[in-house]
Enquirer: 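Here's a structure for you.
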Amino acid sequence: MSSPPATTPGPTAAELRAALDEASRWVADYLESVGERPVLAQVQPGEIAARLPLAAPASGEPLSQILADIDALIMPGITHWNHPSFFAYFGITGSGPGIVGELISAALNVNAMLWRTSPAATELEQRTLSWVLEMLALPATWFGQITDSASASTLCALAAARQAAGLDIRRLGMAGRDLPRLRVYTSEEAHSSVEKACIVLGFGQEGVTKIATDDAFRMRPDLLSDAIGRDLAAGVRPVAVVASVGTTSTTSVDPVDAMADICARNEIWLHVDAAYGGAAGLLESHRHLLAGCERADSLVFNPHKWLFTPVDCSLLYTSRPDVLREAFSLVPFYLTSSESDVVNFMDYGVSLGRRFRALKLWMVIRAYGRDGLAELVAGHIDLARRLAELIEAEPGWELVAPVPLSTVCFRAHPAGVDDEAALEQLNADLVERVNASGLAFVSHTKVSGRYAVRIAIGNAASGWQHVARAWLALRQAVP
């Protein structure tokens with residue numbers, strides 16, 4: 001018989017150490033120099049794929065060569081979300097402490113599905129999420145867990161709302177039996193994840209009622225109350241209301257307290273999407289924006305948006321963890337364990353496999369501290385305020401929405417040009433020109449049917465010089 005090979009495929013320990021040393025230098029250099037790169041990837045569709053082999057290598061390649069190919073093959077196709085002039089969507093930060101946490105989490109490679117599969121992963125997640133509750137002045141008694149996105153968190157929250165409605169859908173399903181029509185209510189400005197969750201959960205798109213907003217793009221509670229009343233009279237079963245603290249387009253903040261009153265009167269689950277705006281709770285000056293959130297049945301907040309934690313890290317909180325567990329817990333014999341009085345996170349959501357995301361969040365909070373995080377958030381709000389003041393003072397430009405947080409929606413509106421189609425084309429062209437230049441990356445939206453340029457400030461490295469450069473580039477792009 002032949003003896004087994006003395007070594008196994010893959011790099012040796014010495015090669016791994018050398019690669020980690022090189023990678024750490026690469027990361028540090030990248031973070032220091034990312035502001036010098038074009039923000040938007042300067043390639044055409046298919047260009048990166050054309051540079052890659054059609055088949056995987058038969059034999060292993062040196063890590064040093066693979067790392068070299070990061071620069072040669074991958075970096076040309078990267079849009080730099082860590083760039084201080086990245087102002088599209090929601091500006092985010094993969095901070096140094098979070099990157100270190102992500103590295104160590106990958107090395108540990110635990111699956112945090114059960115307490116026993118890594119007690120530290122479960123208990124650190126519980127404690128770190130309780131820190132966040134305290135930092136945002138939310139109820140300390142809430143149960144929290146980490147998911148990958150606000151979409152996943154909202155899906156789980158609405159599944160719990162469906163369970164709380166007492167319709168036995170978990171066991172019997174929604175087909176082949178008599179059920180009333182089910183309804184979820186949200187703002188016409190709400191994130192698309194609400195509607196997508198309703199598609200997945202069987203409510204359907206017609207099961208979502210989008211409530212009109214006021215002149216500040218906040219849901220109108222009177223119209224919400226009217227819609228619920230009409231549905232009840234027609235035999236439709238209200239299941240949940242979703243409030244937004246920081247809508248995607250304009251970052252408007254719904255009147256959560258008034259909505260909570262309506263939900264309490266009608267025994268309807270209240271979910272709050274504070275994925276972006278929740279960070280405002282770090283500031284005493286802005287904590288009023290979270291008024292009423294303490295009355296929610298569930299709430300989502302994303303540290304990977306405005307708490308400088310690498311993607312992905314979404315926090316789902318609930319005041320009714322027993323209902324969330326009823327909606328999802330399914331324990332096959334091979335996953336039973338003897339421990340009592342422990343949390344097994346697999347019981348509170350769809351995913352069985354769960355990465356150790358708490359480690360990077362814990363490191364970010366410790367490295368910056370509550371005061372440091374609040375200082376960064378306050379700085380971004382101030383930058384947005386300064387930009388809004390310049391826009392209001394500039395002839396031929398106008399704000400199209402209030403600026404409650406760190407996102408500014410505006411457009412060029414030259415004198416004498418009032419045709420909406422012409423204005424849309426003008427502003428769309430401005431966005432394309434600025435983004436193609438690589439100086440900044442801005443996005444667009446529609447506000448009351450009007451095309452708007454959208455600048456969202458959220459990167460820890462963003463300063464006034466970056467905002468001012470984007471503003472200058474937009475003005476200079478006007479024909």
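From a predicted model like this one, the values you see are computed outputs, not experimental measurements. No hydrogens, no waters, no symmetry mates; every other heavy atom, side chains included, goes into these values.
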Enquirer: Might you confirm whether atom CD of Glu375 has over 12 heavy atoms from other residues, nucleotides or ligands at distances under 6.0 Å?
Expert: no

Enquirer: Step through the shown structure and confirm whether more than 12 heavy atoms of other residues, nucleotides or ligands are within 6.0 Å of CZ on Arg170.
Expert: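 Counting other residues, nucleotides and ligands, CZ of Arg170 exceeds 12 neighbours.
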
Enquirer: Check whether the side chains of Ser187 and Ser244 place a donor and an acceptor atom closer than 3.5 Å, and report yes or no.
Expert: no

Enquirer: What pair of heavy atoms forms the shortest contact from Asp347 to Phe328, and how long is it?
Expert: O-CB, 3.6 Å

Enquirer: Under the criterion side chain to side chain contact (heavy atoms under 4.5 Å, CB included), which of Ile92, Leu361, Ile99 is the partner of Thr309?
Expert: Leu361

Enquirer: Looking at Thr93 and Asn459, what are the two nearest heavy atoms and their distance?
Expert: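 Closest pair (atom of Thr93, atom of Asn459, distance): OG1-CA, 3.1 Å.
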
Enquirer: Dump the intermediate steps for side chain to side chain donor-acceptor pair (under 3.5 Å) on Asn302 and His304, then the final yes or no.
Expert: CA-CA 5 Å; Asn302 284 5; His304 67 228; 3.2 Å; yes

Enquirer: What do the steps show when you test Val442 against Asn435 for side chain to side chain contact (heavy atoms under 4.5 Å, CB included), and what is the final call?
Expert: CA-CA 7 Å; Val442 302; Asn435 289 344; 3.7 Å; yes

Enquirer: Do Ile365 and Val132 touch side chain to side chain, with heavy atoms closer than 4.5 Å?
Expert: yes

Enquirer: Is there a donor-acceptor pair under 3.5 Å between the side chain of Thr154 and the backbone N or O of Ala150?
Expert: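 Side chain of Thr154 to backbone of Ala150, a donor-acceptor pair under 3.5 Å: yes, one is there.
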
Enquirer: Do Ser130 side-chain atoms and Arg127 backbone N/O form a donor-acceptor pair below 3.5 Å?
Expert: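 Indeed, once roles are kept as given, a pair shorter than 3.5 Å links the two residues.
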
Enquirer: Between Asp322 and Arg325, does any NZ, NE, NH1 or NH2 come within less than 4.0 Å of an OD or OE carboxylate oxygen?
Expert: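 Salt bridge absent between Arg325 and Asp322.
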
Enquirer: Taking Thr251 for the side chain and Thr247 for the main chain, is one N or O donor matched with an acceptor at less than 3.5 Å?
Expert: no

Enquirer: Going by atom types only, do Glu125 and Gln145 share a side-chain donor-acceptor pair under 3.5 Å?
Expert: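 No.
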
Enquirer: Would you say that more than 12 heavy atoms from the other residues, nucleotides or ligands in this model lie under 6.0 Å from the CZ of Arg51, or not?
Expert: yes

Enquirer: Distance check, rounded to the nearest 0.5 Å: Asp148 atom CG versus Arg354 atom CZ?
Expert: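 Answer rounded to 0.5 Å: 10.5 Å.
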
Enquirer: If you look at every heavy atom in Phe356 and Ala121, which pair is closest and at what distance?
Expert: CE1-CA, 3.4 Å

Enquirer: Going by atom types only, do Ser85 and His466 share a side-chain donor-acceptor pair under 3.5 Å?
Expert: no

Enquirer: So Val208 and Phe203, do their side chains get closer than 4.5 Å, heavy atoms only?
Expert: no

Enquirer: Could you check whether any side-chain N or O of Thr122 sits under 3.5 Å from a backbone N or O of Pro119, counting only pairs where one atom can act as donor and the other as acceptor?
Expert: no

Enquirer: What is the minimum heavy-atom distance between Val447 and Val400, and which atoms define it?
Expert: CG1-O, 3.4 Å

Enquirer: Quick one: does Asp297's side chain have a donor or acceptor within less than 3.5 Å of a partner on Leu270's backbone?
Expert: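 At least one qualifying donor-acceptor pair exists.
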
Enquirer: Quick check on Arg116: does its CZ atom have over 12 non-hydrogen neighbours (other residues, nucleotides or ligands) under 6.0 Å away?
Expert: yes

Enquirer: Should the pair Arg454 and Phe90 be classed as cation-pi, given the thresholds of under 6.0 Å to the six-membered ring centre and 45° from the axis?
Expert: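 Verdict for Phe90: a cation-pi partner in Arg454.
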
Enquirer: Does atom NE2 (His80) have a neighbourhood of more than 12 heavy atoms from anything else shown, all under 6.0 Å?
Expert: yes

Enquirer: When you measure from the side chain of Ser33 to the backbone of Glu36, do you find a donor-acceptor pair of N or O atoms at a distance under 3.5 Å?
Expert: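 No, Ser33 side chain to Glu36 backbone: no donor-acceptor pair under 3.5 Å.
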
Enquirer: Specify whether Phe410 and Trp471 have parallel, tilted or perpendicular ring planes, treating 30° as the upper limit for parallel and 60° as the lower limit for perpendicular.
Expert: perpendicular

Enquirer: Assess whether side chain to side chain contact (heavy atoms under 4.5 Å, CB included) is satisfied between Val184 and Leu201, documenting all intermediate values.
Expert: CA-CA 11 Å; Val184 172; Leu201 291 169; over 6 Å; no

Enquirer: In terms of the angle between their ring planes, are Phe86 and Tyr89 parallel, tilted or perpendicular, with boundaries placed at 30° and 60°?
Expert: tilted

Enquirer: If I compare all heavy atoms of Ala456 with all of Thr407, which pair ends up nearest, and what's the gap?
Expert: CB-OG1, 3.5 Å

Enquirer: With a 4.5 Å cut-off on side-chain heavy atoms, are Arg411 and Tyr451 touching?
Expert: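 A side-chain contact under 4.5 Å is absent here.
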
Enquirer: So, Arg355 and Asp312, do they make that salt bridge, N to O below 4.0 Å?
Expert: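 The answer is yes: the pair qualifies as a salt bridge.
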
Enquirer: Where do Val403 and Ala388 come nearest, in terms of heavy atoms and distance?
Expert: CG2-CB, 4.0 Å

Enquirer: Tell me if a side-chain donor or acceptor on Lys360 pairs with a main-chain N or O of Pro310 at a distance below 3.5 Å.
Expert: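 Flag set: sc Lys360 to bb Pro310 pair under 3.5 Å.
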
Enquirer: Kindly indicate whether the side chain of Lys210, heavy atoms from C-beta on, has any atom under 4.5 Å from the side chain of Glu195.
Expert: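 Yes - at least one pair of side-chain heavy atoms lies under 4.5 Å apart.
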
Enquirer: Kindly indicate whether the side chain of Val434, heavy atoms from C-beta on, has any atom under 4.5 Å from the side chain of Val453.
Expert: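 The answer is no, as the side chains (C-beta and beyond) never meet within the 4.5 Å cut-off.
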
Enquirer: Report yes if some heavy atom in the side chain of Tyr276 is under 4.5 Å from a heavy atom in the side chain of Leu405; otherwise report no.
Expert: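 Heavy-atom side-chain distance check passes, below 4.5 Å.
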
Enquirer: Could you give the distance from CG (Leu136) to CD (Glu294), rounded to the nearest 0.5 Å?
Expert: 12.5 Å

Enquirer: Going by the side-chain hydrogen bond (donor to acceptor under 3.5 Å, both in side chains) test, which pairs reach into residues 131-144, not counting sequence neighbours?
Expert: Glu134-Arg370

Enquirer: Only counting residues at least two apart or in another chain, list the ones meeting side-chain hydrogen bond (donor to acceptor under 3.5 Å, both in side chains) with Arg287.
Expert: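 Expected list: Glu284.
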
Enquirer: About how many Å separate CZ of Phe301 and OG of Ser314, when rounded to the nearest 0.5 Å?
Expert: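 With rounding to 0.5 Å, OG (Ser314) is 9.5 Å from CZ (Phe301).
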
Enquirer: Working to the nearest 0.5 angstrom, can you tell me the gap between Ile78 CD1 and Leu40 CG?
Expert: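 Between atom CD1 of Ile78 and atom CG of Leu40 there are 11.5 Å.
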
Enquirer: Taking Ser118 for its side chain and Ala120 for its backbone only, find out whether a donor-acceptor pair lies under 3.5 Å.
Expert: no

Enquirer: Is a side-chain donor-acceptor pair under 3.5 Å present for Thr445 with Ser249?
Expert: yes

Enquirer: State the CG-CZ distance between Leu376 and Phe308, to the nearest 0.5 angstrom.
Expert: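 Going from the CG atom of Leu376 to the CZ atom of Phe308 covers 4.5 Å.
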
Enquirer: Go through the steps for Asn344 and Met113 under the test side chain to side chain contact (heavy atoms under 4.5 Å, CB included), then give the verdict.
Expert: CA-CA 6 Å; Asn344 294 319; Met113 57 183 180; over 6 Å; no

Enquirer: Taking side chain to side chain contact (heavy atoms under 4.5 Å, CB included) as the criterion, tell me which of Leu158, Asp254, Val300 meets it with Val242.
Expert: Leu158

Enquirer: What's the separation between atom CG in Leu283 and atom CG in Leu290, rounded to the nearest 0.5 Å?
Expert: 10.5 Å

Enquirer: Between Ser105 and Arg357, is there a donor-acceptor pair closer than 3.5 Å when you use the side chain of the first and the backbone of the second?
Expert: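 No: the side chain of Ser105 does not pair with the backbone of Arg357.
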
Enquirer: Check whether any side-chain heavy atom of Tyr348 lies under 4.5 Å from a side-chain heavy atom of Cys156, and answer yes or no.
Expert: no

Enquirer: Could you check whether any side-chain N or O of Tyr368 sits under 3.5 Å from a backbone N or O of Pro97, counting only pairs where one atom can act as donor and the other as acceptor?
Expert: no

Enquirer: Before you tell me yes or no, could you show the steps for Phe87 and Val467 under side chain to side chain contact (heavy atoms under 4.5 Å, CB included), namely the whole-Å CA-CA distance, both residues' side-chain angles and the distance that decides it to 0.1 Å?
Expert: CA-CA 9 Å; Phe87 299 124; Val467 177; 4.0 Å; yes

Enquirer: Is there side-chain contact between Arg162 and Trp269, with heavy atoms separated by less than 4.5 Å?
Expert: no

